[in-house]
Amino acid sequence: MPFLARRLGFYVAAFLVAATFNFLLPRLLPGNPVDVMFAQAGTALPPESLEALKSTFGFLDEPLPVQYLRYLASVFTWDLGLSVKFHPLTVGEVLWASLPWTLLLVLASAALAFGLGTLGGIAAAWRRGGWLDSTLAPAALVLQAVPPLVTSLLALSLFAVTLKWLPTGYAWEPMLDLGWTWESIASVATHAVLPVTTLALAQVGGYLVTMRNSMINLLGEDYITLGIAKGLTESRLRHAYAARNALLPSVTSLAMTLGAVFGGALVTEVVFNYPGLGYTLYQGITARDYPLVQGQLLVMTLAMLVANFAADLAAFALDPRLRRG
Amino acid sequence: MLRTLLANPKAAVGAVIVGVFLLLAVFGPWIAPANPNQRVAAPHQPPSAEHVLGSTRMGRDVLSQTIHGTRTSLLVGFSAGLLVTIIGVAVGVTAGYAGGRVDEGLNLATNIVLVIPNLPLMLVLASFIGQAGPFVIAAIIGLTSWGWAARVVRAQTLSLRQRDYVLAAELLGEPAWRIVLVELLPNLTSIIGFTFIGSVLYAVTTEATLEFLGLGDPLAVSWGTMLYHAQSTSALLVGAWWEIAAPGLALVIFGAGLSLLNFALDEVANPRLRTLRVPKAVMKAALSGRTA
């Protein structure tokens, strides 16, 4: 399957570009980030952490190509250096600990938005120009323009602070020992409602419009007319004939949108003090924790690449033309 | 085409919204009731006749800050949007028209820019640069976000390139620059406009996001820094919702105006999307196999 092999090669190249960017940036900008961090760390760091920081950035007395290879080797063995803000922990440990919470928000909101948006798009396209279409489509567009930053702040203000229906922050009740009990799961779920809904709200419009437009384009095709002539039932025509083929652009955009959702999740987490990557990162940024900030770029890129590969597999399943190579 | 656009109610509403914000951005300092950086009220006063949108914890007038912020936010939005469009069109047209090796290289670069997540990348850049002023933020957004623009423009250029009139121009021996400027670009106008409006929208919200995360210059007055100060003074938790609502709604309304404009532009450029109402009875009859 040359298609999938080509995609994999591309993903390796993309990851290398992100890592190279991380390597070059501190060298291209004036000033030595290690000294800046050391001066701003606030607490007295032991001398060995200065050495550790220097080696994290590869600022060793070696020629540049050797530094670069060393850096790449450490990245591919997932040695991202020590965090400044969360001092004894390594960047890898800090990021792995907060990644599951971000994945929860991203995946739950993407699933919710994709489901609702696609169903809405099918319904709107089927009766294009009808009341549903003329309310849903513009509403979706306006929704798409609303950044998660604003929705999450307004939702926090309305539902958590004013109405007190839902908690104002954090991922579970602080009094609770987290485990696989109903109480824990319920607590995590209620704390996730606001972040997940606000994130989904930012995505749903995109899926709705994509699905509606590609469905409308398909409904003009001859095979649909043929289907009508053959006397197929409405639901068979709508779902098995039109929607199945119209789904392809939505699946592709699902993977591309995930990058934006990760970005949105960063912000949502800061608003709700949700202990995922974004909130950790926010603390890192305020403390000038460069290794942490750089590490998150690699983790986020990796997540994007995995999502894109999953979308490739889905496209492979949906579109027989790809299988012929 | 312009007439079709103006006859479209979505375009009209969008144009009015964007126009009002542009006026605010230009004439803001004369309209705003107070200096945005001066203590003119008691801290956290709710909206009243004197301070229509209330005051911040530092006793600044929220309405004045929102009006002043319009200028910064729009300036960043439009300059970053312009940068995205210029890079995107340059890369997309070159790749689509040149083809071959050049296309392969540029397309690979575009795909890599698209697959590396934008906001995390900008966070790394901005945090190394330190407290970034509005124009540095505009440059960061412009340089990292041109992927979509390049992809869309390239696709359209590829399809235009196959047309007979381009072939005719080539056979007549017209130079490449003339074919690009005279034959291709005019036919890309609607897609370039679409890209520009979309990029402005993206840039305005991204600027606010970066500033909210504390990567902006806290002394600049913009919608993003207003949200940042509101968050860092726990405005919401003490019930000062107006401090969030004013810049938040400004972002939402301006964004809605831009996307209405874009929606209308899409309908004009793609006639298939223009809604032809199919009466329910006709649809039913067609589906049940009878003639209407």
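Each chain gets a letter, A, B and so on, in the order the sequences are listed, and its residues count up from 1.
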Quick one: what part of B:Ala208 sits under 4.5 Å from any heavy atom of chain A, side chain, backbone, both or neither?
both
Which atom pair, heavy atoms only, marks the closest approach of A:Leu266 to B:Pro120?
CD1-CG, 4.4 Å
If I take atom CD from residue B:Glu243 and atom CG from residue B:Leu227, how far apart are they, to the nearest 0.5 angstrom?
9.0 Å
Less than 4.5 Å to any heavy atom of chain A: does that hold for the side chain of B:Leu215, its backbone, both, or neither?
side chain
Per-residue tally against chain A (heavy atom, under 4.5 Å) across B:Leu260, B:Val204, B:Val252 peaks at B:Val252
Shortest non-hydrogen separation from B:Val84 to B:Ser199 and the atoms involved
CG1-OG, 3.3 Å
Closest approach of B:Ala203 and B:Ile141, non-hydrogen atoms and distance?
O-CD1, 3.7 Å
Whatever's closer than 4.5 Å to a heavy atom in chain A on B:Ile112 counts as both
Assess, by modelled atom type and distance only, whether the side chains of A:Arg7 and A:Asn308 contain a donor and an acceptor separated by less than 3.5 Å.
no
Would you mind telling me which of B:Gly248, B:Pro247, B:Gly255 has the largest number of heavy-atom pairs within less than 4.5 Å of chain A?
B:Gly248
Max heavy-atom pairs within cutoff under 4.5 Å with chain A, candidates B:Thr206, B:Leu251, B:Leu114, B:Ile253, goes to B:Leu114
Can you tell me which portion of B:Leu123 sits under 4.5 Å from chain A's heavy atoms? Options are side chain, backbone, both or neither.
both
Of the listed B:Leu108, B:Val115, B:Thr205, B:Ile244, the one with the largest count of heavy-atom pairs under 4.5 Å with chain A is B:Val115
Top contributor to chain A interface from B:Ala126, B:Ala245, B:Ser127, B:Gly198 [non-hydrogen pairs under 4.5 Å]
B:Ser127
Is the ring pair B:Trp223/B:Phe254 parallel, tilted or perpendicular, if the boundaries are 30 and 60 degrees?
perpendicular
Taking every non-hydrogen pair under 4.5 Å, which of A:Val146, A:Thr151, A:Val293, A:Leu154 racks up the most with chain B?
A:Val293
Contact between A:Leu8 and A:Phe309 at the side-chain level, heavy atoms closer than 4.5 Å - yes or no?
yes
Out of the candidates A:Leu199, A:Leu194, A:Thr268, A:Val270, only one should pair with A:Ser152 under the side chain to side chain contact (heavy atoms under 4.5 Å, CB included) rule; please name it.
A:Thr268
Counting only heavy atoms closer than 4.5 Å, note whether B:Leu258 contacts chain A via side chain, backbone, both or neither.
neither
State, to 0.1 Å, how close A:Thr301 and A:Ala18 come at their nearest heavy-atom pair, and which atoms those are.
OG1-CB, 3.9 Å
In terms of heavy-atom contacts, A:Ala265 and A:Thr102 come closest through CB-CG2, 4.3 Å
So for A:Val299, is it side chain, backbone, both, or neither that comes closer than 4.5 Å to the heavy atoms of chain B?
neither
With a 4.5 angstrom heavy-atom cut-off, which part of A:Leu153 approaches chain B: side chain, backbone, both or neither?
both
Sidechain-backbone polar pair: A:Glu269 side chain, A:Tyr279 backbone, donor-acceptor under 3.5 Å:
yes
Structural part of A:Leu277 lying under 4.5 Å from a heavy atom of chain B:
neither
Under a 4.5 Å heavy-atom cutoff, which of B:Leu121, B:Asn118, B:Thr209, B:Leu201 has the most pairs with chain A?
B:Leu121
Bottom line for B:Asn262: the part with an atom under 4.5 Å from chain A's heavy atoms is neither
What part of A:Tyr282 lies closer than 4.5 angstrom to a heavy atom of chain B: side chain, backbone, both or neither?
side chain
Checking heavy atoms, do the side chain of A:Phe15, its backbone, both or neither come under 4.5 Å from chain B?
neither
